[in-house]
Amino acid sequence: MKKISILAILLTPLLSPAYAETPEEKGLAIAVEADTRDTGWTDQFADMSMLLKNKQGDSSERVMNITTLEVPADGDKSLITFDNPKDIKGTAFLSHTHSLTPDDQWLYLPALKRVKRISSSNKSGPFVGSEYAYEDLSSQEVEKYKYKWLRDETIDGRDCFVIERYPQYEHSGYTRQIVWLDKEMYQPLKLEFFDRKNSQLKTLQFLNYKQYLDQYWRPGGMQMINHQNGKSTMLTWTNYKFKNGLSDRDFDKNTLKRAR
Amino acid sequence: MRTFKQYLFLFLITSVSTLSSAGEWSGFAGLEFRGFNQTAQDTRQDHDTNFSFVFEPEYFHEWDDGDQSIAFVPYVRVDENDNERTHFDIRELAYLKVEENWELRLGIRKVFWGVTEFQHLVDIINQTDLVENLDFEDKLGQPMVNLALINDWGTVDLFVMPYFRERYFPGTSGRLRSIPETRQDQSQFESAAKEKHIDFAARYSHYFGDWDIGLAHFYGTSRDPRLLFSTDSNGNPFLIPFYDIINQTSVDIQATKGNMLWKFEGLHRSGQETTYNALAAGFEYTFIGIMDTALDLGVLSEYFYDDRDELSTQIFEDDIAIGARLAFNDVQSSEALIGLVWDRDSGGKFFNIEASRRLGDSWLLELQGRFFFSQKRSDLAFTVNRDDYTELFLTYNF
């Protein structure tokens with residue numbers, strides 16, 4: 001099935017002028033275009049902080065940095081290193097994502113100096129106690145979803161495609177997501193998540209986009225609100241750096257052991 | 001015109017500020033409390049509660065775009081009752097140089113090998129700091145030269161270890177010790193070079209799809225000593241740690257199949273009286289998001305076998321372990337782990353509970369309980385059968 005969808009991706013640009021597009025074809029074509037426009041950044045570094053808030057207003061902070069390697073024709077590789085809370089400082093998480101097979105993931109525990117291969121099935125679980133699930137933060141490959149264009153809509157004065165997408169991963173925590181994709185940037189402005197019972201779970205808003213290297217748009221902030229438990233997580237991105245000359249070597253188990 | 005002194009002053013100010021901003025300090029300080037349920041076997045182990053203070057700062061400095069660095073991790077414990085448990089160690093004092101195809105590490109370090117949870121069978125580079133805990137997870141810093149050769153077909157780690165660290169044993173008044181006590185100051189060595197015997201190790205590690213594999217060989221001073229019975233001039237019995245020169249070949253494998261992790265560790269060792277084989281094997285399965293909550297429940301079971309049987313220098317010779325791990329995935333990173341180890345030979349049982357929760361941003365509270373049941377006199381674990389304890393450990397992390 002997934003092979004067919006890849007074939008569809010390849011053929012869509014050739015076939016699309018020949019016949020009227022269905023909403024599914026239009027949705028997929030937009031996703032492919034967004035993916036194409038965000039290709040070629042090679043590698044990326046960024047600092048990331050998360051402010052976790054509960055209903056009572058208590059807050060807790062997570063600080064980490066994340067490096068990502070673009071892998072053509074497969075999922076990206078990423079390395080997340082934690083700095084705060086201090087009891088998990090130096091803990092690092094290496095992920096080789098794949099579009100068609102399960103991801104490879106390792107965790108480095110600095111107190112024991114132990115590298116642990118971990119199950120990558122846990123995509124729906126909370127990431128470090130936040131309102132983000134692992135799958136919300138992992139590399140967004142086209143093949144991970146099926147798509148359906150719903151309508152065009154203007155939010156906050158910006159023209160958007162509104163697309164519904166359906167996770168193809170069997171252990172996903174969501175039945176569907178609705179994306180508001182900015183027509184100029186081809187980047188999401190808003191995402192709504194629907195849980196396994198198909199009720200609205202979370203809303204994610206992307207803030208303060210900036211363009212890097214005259215091509216790549218990246219948000220400065222991402223506000224996730226959980227409607228069911230009243231908690232929220234504000235994620236702030238800083239210090240984006242692209243094309244740092246990284247290679248596979250910077251995303252192997254040896255590098256994981258000395259991540260900082 | 002600035003004078004020479006002014007330049008010197010400016011230079012010093014610049015150097016100091018560069019130095020202080022160049023490196024970073026982190027670490028923790030903690031207070032440990034242990035409460036024992038029963039009075040000890042030996043009247044000299046004359047306490048049922050114990051306080052301990054620990055401090056482990058860490059200095060780290062990197063340069064050359066992170067391709068060179070130094071790390072320094074001293075460790076100190078001050079114990080209320082056990083003089084041997086009060087100790088200082090350098091856990092880490094090492095230089096690292098990274099290149100595309102190799103990594104060189106010089107100095108005192110800790111290295112972990114293996115995949116299983118209840119026992120760390122193939123983990124051999126570092127000596128166990130046994131005064132810390134029974135779980136063999138606290139290690140003394142090991143001086144070494146470690147060259148890692150990084151290839152497409154896997155990583156080859158070569159180790160030369162010029163100095164051997166003797167195991168630390170609890171003192172006369174300490175709980176959780178052998179009966180009679182083991183005297184570190186009486187240690188004996190097979191090698192005439194004693195702790196200056198040069199040990200070697202090599203390890204190949206790689207992964208193939210969802211299989212992670214390690215193959216290793218170690219030649220040198222055995223980290224786990226044989227314990228020889230002796231008596232002092234007053235006729236009081238004690239145990240002498242005897243360190244043989246051994247050869248050990250080991251393999252460790254983990255297959256990660258969805259929510260199921262399959263684990264295997266095996267070794268072949270010669271030089272420690274009899275030549276023998278041992279294995280540790282098992283699985284861990286994780287139920288994700290149980291009952292529509294954020295909770296993950298892991299169930300694990302492992303089996304240990306050592307073909308020396310009762311001669312074994314370790315506690316696990318024909319044992320089965322079962323356990324459960326609960327991760328709350330909450331803001332406080334709350335976790336709990338319970339485990340039961342059953343010795344099939346002696347019928348002895350060991351029950352273990354560990355739990356932890358972050359308090360605020362910087363504090364971590366850990367609970368630990370270890371309980372021993374129906375140990376037989378012949379069993380190695382028997383000497384701690386009255387040392388059931390519950391521990392609370394509060395750390396401030398910075």
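The figures that follow rest on heavy atoms only: side chains count, while hydrogens, waters and symmetry mates do not. Residue numbering restarts at 1 for every chain, and letters A, B, ... go by the order of the sequence lines.
- At a 4.5 Å heavy-atom cutoff, A:Ala133 makes no contact with chain B through either its backbone or its side chain.
- With a 4.5 Å cut-off on non-hydrogen atoms, A:Lys231 does not touch chain B at all.
- When heavy atoms are compared at a cutoff of 4.5 Å, A:Ser60 approaches chain B by way of both its backbone and its side chain.
- Note on ring orientation: taking the six-membered ring where Trp is involved, the planes of A:Phe242 and A:Trp41 are perpendicular (angle over 60°, cut-offs 30° and 60°).
- Between chain A and the residues B:Val111, B:Thr286, B:Asp361, the largest count of heavy-atom pairs under 4.5 Å involves B:Asp361.
- In this structure, the portions of B:Asn329 lying under 4.5 Å from any heavy atom of chain A include both its backbone and its side chain.
- Residues B:His61 and B:Glu24 have side chains that never bring a donor and an acceptor to within less than 3.5 angstrom of each other.
- For an aromatic pair to be called close, the ring centres must be under 6.0 Å apart, and B:Tyr285 with B:Phe287 satisfies this.
- Looking only at heavy-atom pairs under 4.5 Å with chain A, the residue among B:Tyr396, B:Phe28, B:Tyr207 that has the most is B:Tyr207.
- Residues A:Phe193 and A:His227 are not in side-chain contact: their nearest non-hydrogen atoms beyond the backbone lie 4.5 Å or more apart.
- For chain B, the nearby part of A:Ser247 is the side chain; its heavy atoms alone come within less than 4.5 Å.
- In this structure, chain A has a heavy atom under 4.5 Å from the backbone of B:Phe398, while its side chain stays farther away.
- For a residue to count as touching a neighbouring chain, one of its non-hydrogen atoms must lie under 4.5 Å from one of that chain's; by this rule A:His96 touches chain B with the side chain only.
- Aromatic ring pairs are classed by plane angle as parallel below 30°, tilted from 30° to 60° and perpendicular above 60°; the pair A:Phe127 and A:Tyr134 is perpendicular.
- In terms of modelled atom types and a separation under 3.5 Å, the side chain of B:Asn126 and the main chain of B:Leu140 share a donor-acceptor contact.
- Using a 4.0 Å cut-off between charged nitrogen and carboxylate oxygen, A:Lys202 and A:Asp195 do not count as a salt-bridge pair.
- Under the 4.5 Å side-chain criterion, counting only non-hydrogen atoms from C-beta, B:Leu367 is not in contact with B:Glu391.
- Relative to the ring axis of B:Tyr75, B:Arg91 places its NZ or CZ within 45° and under 6.0 Å from the centre.
- For chain A, the nearby part of B:Leu96 is the side chain; its heavy atoms alone come within less than 4.5 Å.
- Looking at B:Thr155, only its side chain comes within 4.5 Å of chain A, counting heavy atoms on both sides.
- Taking 4.5 Å as the limit, every side-chain heavy atom of A:Met64 sits out of range of all side-chain heavy atoms of A:Thr81.
- Paired with B:Thr116 under the rule side-chain hydrogen bond (donor to acceptor under 3.5 Å, both in side chains), one option of B:Gln254, B:Glu284, B:Glu265 passes, and it is B:Glu265.
- No part of A:Asp248 comes within reach of chain B, as not one of its non-hydrogen atoms sits under 4.5 angstrom from that chain.
- Only the side chain of B:Asp296 comes within less than 4.5 Å of a heavy atom in chain A; its backbone stays farther off.
- Remark: A:Lys113 is not positioned above the aromatic ring of B:Phe112, lacking an NZ or CZ atom under 6.0 angstrom from the ring centre and at most 45 degrees off the axis.
- For B:Asp138, no part lies near chain A; criterion is any non-hydrogen pair under 4.5 Å.
- If you measure heavy-atom distances from B:Phe328 to chain A, you find no contacts under 4.5 Å at all.
- In this structure, chain B has heavy atoms under 4.5 Å from both the backbone and the side chain of A:Leu112.
- Proximity to chain B involves both the backbone and the side chain of A:Asp87, based on heavy atoms less than 4.5 angstrom apart.
- B:Thr256 touches chain A through its side chain: at least one heavy atom from C-beta onward sits under 4.5 Å away, while N, CA, C and O do not.
- Note: B:Ile150 leads B:Ile150, B:Leu364, B:Asp330, B:Asp65 in heavy-atom pairs under 4.5 Å with chain A.
- Salt-bridge check for B:Glu103 with A:Arg258: passed, with a basic side-chain N closer than 4.0 Å to an acidic carboxylate O.
- For A:Ile88, the part sitting under 4.5 Å from any heavy atom of chain B is the side chain, from C-beta outward, and nothing else.
- For B:Val73, no part lies near chain A; criterion is any non-hydrogen pair under 4.5 Å.
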